[in-house]
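Shown next, in structure tokens, is the structure this report addresses.
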2 protein chains.
Amino acid sequence: MRIGDLAKATGVDIETIRYYEKAGLLPEPGREANGYRTYRQEHLERLAFIRHCRALDMPLESIRRLLDFVAHPEAECGDINRLIDAQLARVQARLNSLRALESQLVALRAQCGENHSAQECGILHELVAAAHGEACACHSTD
Amino acid sequence: MRIGDLAKATGVDIETIRYYEKAGLLPEPGREANGYRTYRQEHLERLAFIRHCRALDMPLESIRRLLDFVAHPEAECGDINRLIDAQLARVQARLNSLRALESQLVALRAQCGENHSAQECGILHELVAAAHGEACACHSTD
DNA sequence: CTTGACCCCGGAGCGGCTCCAGGGTTTCCA
DNA sequence: TGGAAACCCTGGAGCCGCTCCGGGGTCAAG
């Protein structure tokens with residue numbers, strides 16, 4: 001399998017595959033006489049593993065550690081749990097802040113309905129007032 | 001006001017202030033004879049404006065455009081609304097994907113309770129199985 | 001013999017900072 | 001008066017996870 005075939009089979013961009021190799025996530029593939037990379041089934045599976053983890057938004061460093069566990073199945077898996085927990089905590093923290101952000105933006109957007117001059121725009125007034133330290137619709141819900 | 005005073009007054013890191021200046025968001029401050037930057041009230045307000053927008057997770061480019069509106073209050077504000085709407089759409093899209101992600105991670109985490117060898121770790125099994133294209137707990141909820 | 005599809009490499013660019021090295025200036029205290 | 005601590009300056013690199021670019025080699029079809 002050449003890199004283009006692997007890319008097609010997994011839906012991963014060629015540049016990204018080379019990047020994973022450079023980043024030490026994909027083992028170095030074989031080479032044809034002309035220097036082209038050649039991949040085998042195990043590369044495909046490894047790449048699919050990486051992408052599945054990325055779909056769970058894991059940083060590459062975490063994936064590297066998971067791959068270590070795949071390579072050393074006798075190790076204790078406590079770290080795997082901690083890794084998933086940490087990832088979950090990150091996601092939940094981000095969710096909380098985005099939920100707050102959403103309501104702030106909704107409140108801000110409600111300040112301006114019509115199309116008029118910026119001078120009279122409630123949104124802009126809000127933002128400027130907030131910069132003066134005054135109470136603002138968008139952050140009153142904090 | 002020197003840069004350190006401005007930093008203290010706004011809670012913004014000194015390096016970040018200099019970065020905003022380089023990025024064209026903060027107007028160039030005056031300079032003392034020794035080259036130190038000197039800021040006035042208007043810089044403080046502008047910086048507060050920027051930080052308020054950043055708290056709403058707006059990209060610097062959007063903030064630049066808002067600052068243009070502040071400078072040209074006679075312009076139509078339709079673009080402001082569109083800008084906020086776009087921002088809101090981004091936030092909501094990200095919220096949706098994070099909500100899905102959260103339940104995927106919760107499902108994945110449920111695969112492993114105890115501390116045992118990686119070989120028997122349900123989480124790792126899940127991830128490897130998913131890489132083989134099999135159904136996985138974490139993505140069954142998509 | 002040319003066209004086009006594929007592959008190689010190294011390096012730059014994105015956003016929004018953050019940190020660092022290597023220097024100058026000012027302020028405070030003994 | 002001296003020396004340390006605290007502040008300021010600049011330009012450039014580093015972070016993450018790609019993505020794109022330029023400049024080149026390779027190979028099969030028409």
Side-chain angles (χ1 to χ4, degrees), chain A residues 1-26 28-39 43 46-67 83 86-87 90-91 93-94 97-98 101, chain B residues 1-26 28-39 43 46-47 49-67 83 86-87 90-91 94 97-98 101:
Chain A
M1 221 180 346
R2 306 229 270 225
I3 199 169
D5 304 321
L6 182 59
K8 237 167 249 156
T10 56
V12 179
D13 194 284
I14 289 182
E15 307 264 20
T16 305
I17 295 174
R18 285 198 280 247
Y19 172 76
Y20 287 159
E21 180 183 332
K22 226 185 303 181
L25 286 166
L26 269 182
E28 297 207 358
R31 296 280 180 157
E32 294 176 22
N34 55 19
Y36 289 11
R37 288 171 177 82
T38 49
Y39 295 94
H43 291 102
R46 183 121 164 184
L47 183 53
F49 180 94
I50 295 169
R51 293 308 282 191
H52 187 73
C53 293
R54 286 294 299 137
L56 294 170
D57 215 17
M58 288 185 202
L60 297 189
E61 174 54 32
S62 299
I63 300 176
R64 238 185 301 265
R65 288 202 276 144
L66 283 181
L67 286 168
L83 205 146
Q87 172 68 6
R90 265 200 306 279
V91 167
R94 188 75 186 133
S97 90
L98 278 186
L101 189 49
Chain B
M1 221 182 341
R2 307 230 268 224
I3 198 168
D5 304 320
L6 182 60
K8 237 166 250 156
T10 56
V12 179
D13 193 283
I14 290 181
E15 307 265 18
T16 304
I17 295 174
R18 286 198 281 248
Y19 172 76
Y20 287 159
E21 179 184 333
K22 227 186 302 181
L25 287 166
L26 269 182
E28 296 206 359
R31 297 280 181 157
E32 294 176 21
N34 56 19
Y36 290 11
R37 290 172 177 81
T38 50
Y39 297 93
H43 291 102
R46 183 120 163 185
L47 183 52
F49 181 93
I50 294 169
R51 292 308 282 191
H52 187 73
C53 292
R54 287 293 299 138
L56 294 170
D57 215 18
M58 287 184 203
L60 297 189
E61 174 54 32
S62 298
I63 300 175
R64 238 186 301 266
R65 288 202 276 145
L66 283 181
L67 286 168
L83 206 145
Q87 173 67 7
R90 265 200 305 279
V91 167
R94 187 78 186 129
S97 89
L98 278 185
L101 188 50

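Chain letters run A, B, ... following the sequence lines, proteins first and then strands; every chain starts at 1.
The closest side-chain heavy-atom distance from S62(B) to Q87(B) is not below 4.5 Å. Between P59(A) and R54(A), the closest side-chain pair of non-hydrogen atoms is not below 4.5 Å. Contact annotation: the side chain of M1(A) never approaches that of T38(A) to less than 4.5 Å [non-hydrogen atoms, C-beta and beyond].
Contacts between residues 9-19 of chain B and DNA chain C, counted as heavy-atom distances below 4.0 Å, involve E15(B), T16(B), Y19(B).
In terms of the side-chain contact (heavy atoms from CB on, under 4.5 Å) criterion, residue partners of A48(A) (sequence neighbours excluded) are, by chain and number, A131(B). Every residue meeting the ring pair (Phe, Tyr, Trp, His ring centres under 6.0 Å) condition with Y39(B), not counting sequence neighbours, appears here in chain and number order: H43(B).
Mapped onto DNA chain C by nearest heavy atom, R54(B) and E32(B) fall at different nucleotides, with R54(B) at the one closer to the 5' end.
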Contacts table for residues 2-15 of chain B: side-chain donor-acceptor under 3.5 angstrom, sequence neighbours left out:
from: R2(B); atom 1: NH1; to: E32(B); atom 2: OE1; distance (Å): 3.0
from: R2(B); atom 1: NH1; to: E32(B); atom 2: OE2; distance (Å): 3.2
from: D5(B); atom 1: OD2; to: R2(B); atom 2: N; distance (Å): 3.0
from: T10(B); atom 1: OG1; to: L6(B); atom 2: O; distance (Å): 2.8
from: T10(B); atom 1: OG1; to: V12(B); atom 2: N; distance (Å): 3.3
from: D13(B); atom 1: OD1; to: E15(B); atom 2: N; distance (Å): 2.8

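Minimum heavy-atom separation, D57(B) to L101(A): CB-CD2, 3.4 Å. Of all heavy-atom pairs spanning L98(B) and V91(A), the tightest one is O-CG1, 3.8 Å.
Within the 4.0 angstrom heavy-atom criterion, only backbone atoms of the sugar-phosphate kind lie near R51(B); the bases stay farther away.
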Show your working on side chain to side chain contact (heavy atoms under 4.5 Å, CB included) between R37(B) and E28(B) and close with a plain yes or no. CA-CA 9 Å; R37(B) 290 172 177 81; E28(B) 296 206 359; over 6 Å; no
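Extent of DNA chain C lying under 4.0 Å from chain A heavy atoms, first and last nucleotide in 5' to 3' order, is dC6(C) to dC9(C). Nucleotides of DNA chain D with any atom under 4.0 Å from a heavy atom of chain A span, from 5' to 3', dG17(D) to dC27(D).
To the nearest 0.5 Å, atom CD1 of residue I17(A) and atom CD of residue E21(A) are 10.0 Å apart.
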